[in-house]
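Working notes, structure below.
Remember, predicted model here, so these are calculated numbers, not experimental data.
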Amino acid sequence: MTALAVLEQLELAISPEQIMTGLKSVQLSGRFQQINCAPRVIVDVAHNPHAAALLAKRIAELPVEGACHAVVGMLHDKDIGGTLKEMIPQVDHWHLASLSGPRAASCDELASYLGQQAHYCHASVEKAYQSALVQAKDEDLVIVFGSFFTVAELLARRK
């Protein structure tokens with residue numbers, strides 16, 4: 001809304017159709033962002049149950065022929081249980097990453113919310129991601145989620 005108010009104040013000759021076209025093409029880095037094709041890798045900063053439910057819905061709508069590998073790192077002051085619960089129906093293989101810092105959840109803390117779900121524990125997002133890539137086939141999906149820190153760490157290593 002602020003951007004639209006600025007455009008109005010600048011009295012630029014921009015039609016409502018042009019504004020709509022521009023808004024439809026906007027992408028927010030780290031929100032359902034595809035960073036690789038084979039296997040398909042998508043990063044999403046989903047870190048609460050509501051965002052994870054939307055992420056799970058979007059994954060369910062994808063034409064994925066293979067398995068889904070999740071790389072997850074979260075902060076311990078978030079609703080870890082509720083967030084992971086939303087993703088369980090979509091995930092075949094869990095790669096849990098311990099984050100660093102005072103708010104970071106450990107791999108063991110994340111695992112405690114998965115019940116009997118098979119998982120792999122890793123000391124970092126990068127190690128969890130590399131493990132998922134090694135296991136993933138070209139037709140698989142790798143989803144990286146759980147925190148802005150998780151996605152930022154991975155995206156920073158790709159530059």
Side-chain angles (χ1 to χ4, degrees), residues 20-159:
M20 288 305 295
T21 299
L23 289 174
K24 288 178 182 176
S25 68
V26 171
Q27 272 195 318
L28 188 57
S29 184
R31 284 283 187 197
F32 210 74
Q33 178 182 353
Q34 183 169 322
I35 62 171
N36 197 56
C37 292
R40 182 186 299 187
V41 177
I42 295 174
V43 297
D44 195 297
V45 297
H47 60 278
N48 60 52
H50 180 74
L54 178 59
L55 177 58
K57 179 179 183 278
R58 292 189 76 183
I59 291 170
E61 294 170 349
L62 287 177
V64 177
E65 295 178 22
C68 179
H69 301 259
V71 174
V72 184
M74 293 188 71
L75 301 176
H76 69 79
D77 56 2
K78 300 298 180 184
D79 182 357
I80 297 171
T83 302
L84 297 182
K85 179 181 176 186
E86 294 293 339
M87 294 296 293
I88 285 174
Q90 299 304 323
V91 175
D92 300 299
H93 307 282
W94 293 90
H95 301 267
L96 308 177
S98 295
L99 298 181
S100 58
R103 295 174 54 211
S106 69
C107 173
D108 291 334
E109 185 176 354
L110 297 175
S112 72
Y113 292 97
L114 289 177
Q116 299 301 314
Q117 297 280 316
H119 62 275
Y120 304 93
C121 273
H122 303 280
S124 69
V125 171
E126 181 64 23
K127 289 180 181 179
Y129 179 64
Q130 291 304 321
S131 175
L133 288 182
V134 165
Q135 291 183 19
K137 297 178 177 74
D138 284 352
E139 64 272 12
D140 289 353
L141 170 66
V142 176
I143 183 76
V144 181
F145 77 99
S147 170
F148 284 89
F149 294 104
T150 303
V151 170
E153 181 178 331
L154 183 62
L155 292 179
R157 294 194 188 287
R158 294 184 42 82
K159 291 186 179 187

My understanding is that only residues two or more places apart in sequence, or in another chain, count here; which of them pass salt bridge (charged side-chain N to carboxylate O under 4.0 Å, His left out) with [X]?
{"X": "Asp77", "result": "Arg103"}
{"X": "Glu139", "result": "none"}
{"X": "Glu86", "result": "none"}

Item to complete: Could you tell me the separation between the NZ atom of Lys85 and the CG atom of Asp79, rounded to the nearest 0.5 Å?
Response: 10.0 Å
Practice prompt. With rounding to the nearest 0.5 Å, note down the distance linking CZ in Arg31 to CZ in Arg58.
Written response: 10.0 Å
Discussion item. Using side chain to side chain contact (heavy atoms under 4.5 Å, CB included), reason through Gln90 and Leu141 one step at a time and then give a plain yes or no.
Written reply: CA-CA 10 Å; Gln90 299 304 323; Leu141 170 66; over 6 Å; no
Expected list for residues 144-153: side-chain donor-acceptor pairs under 3.5 angstrom, two or more places apart:
from: Ser147; atom 1: OG; to: Phe149; atom 2: N; distance (Å): 2.9
from: Thr150; atom 1: OG1; to: Gly73; atom 2: O; distance (Å): 2.6

Kindly list each side-chain donor-acceptor pair under 3.5 angstrom involving residues 38-55, sequence neighbours excluded, with atom names and distances?
from: Asp44; atom 1: OD1; to: Ala46; atom 2: N; distance (Å): 2.9
from: Asp44; atom 1: OD2; to: Phe32; atom 2: N; distance (Å): 2.9
from: His47; atom 1: ND1; to: Val45; atom 2: O; distance (Å): 2.9
from: Asn48; atom 1: OD1; to: His50; atom 2: N; distance (Å): 3.2
from: Asn48; atom 1: OD1; to: Ala51; atom 2: N; distance (Å): 2.8

Worksheet item: Can you list the residues that meet the side-chain contact (heavy atoms from CB on, under 4.5 Å) rule with Glu109, with sequence neighbours excluded?
Response: His76, Ile80, Ala105, Ser106, Tyr113
Worksheet item: For Ser100, which residues count as a side-chain contact (heavy atoms from CB on, under 4.5 Å) partner, sequence neighbours excluded?
Response: none
Worksheet item: Can you name the residues that form a ring pair (Phe, Tyr, Trp, His ring centres under 6.0 Å) with His93, not counting sequence neighbours?
Response: His69
Discussion item. Set out, in order, the CA-CA distance, both residues' side-chain angles and the distance that settles side chain to side chain contact (heavy atoms under 4.5 Å, CB included) for Met87 and Ile59, then state yes or no.
Written reply: CA-CA 9 Å; Met87 294 296 293; Ile59 291 170; 3.6 Å; yes
Is there a side-chain contact between [X] and [Y] in this structure, where contact means two heavy atoms from C-beta onward sitting under 4.5 Å apart?
{"X": "Thr83", "Y": "Met74", "value": "yes"}
{"X": "Val91", "Y": "Gln117", "value": "no"}
{"X": "Leu114", "Y": "Leu96", "value": "yes"}
{"X": "Leu154", "Y": "Ile35", "value": "yes"}
{"X": "Leu84", "Y": "Trp94", "value": "yes"}

Worksheet entry | Qualifying disulfide bond (SG atoms under 2.5 Å apart) pairs with a residue from residues 55-158, counting only residues at least two apart or across chains | Cys107-Cys121
Worksheet entry | Partners meeting side-chain hydrogen bond (donor to acceptor under 3.5 Å, both in side chains) with Glu61 (sequence neighbours left out) | Lys57
Discussion item. Quick check on Gln34: does its CD atom have over 12 non-hydrogen neighbours (other residues, nucleotides or ligands) under 6.0 Å away?
Written reply: yes
Worksheet entry | Nearest heavy atoms of His95 and Ser131, plus distance in Å | ND1-OG, 3.4 Å
Worksheet item: Which heavy atom of Val142 sits nearest a heavy atom of Ala132, and at what distance?
Response: CG1-CB, 4.1 Å
Worksheet item: Which pairs with one or both residues in residues 111-132 pass salt bridge (charged side-chain N to carboxylate O under 4.0 Å, His left out), sequence neighbours excluded?
Response: Glu126-Arg157
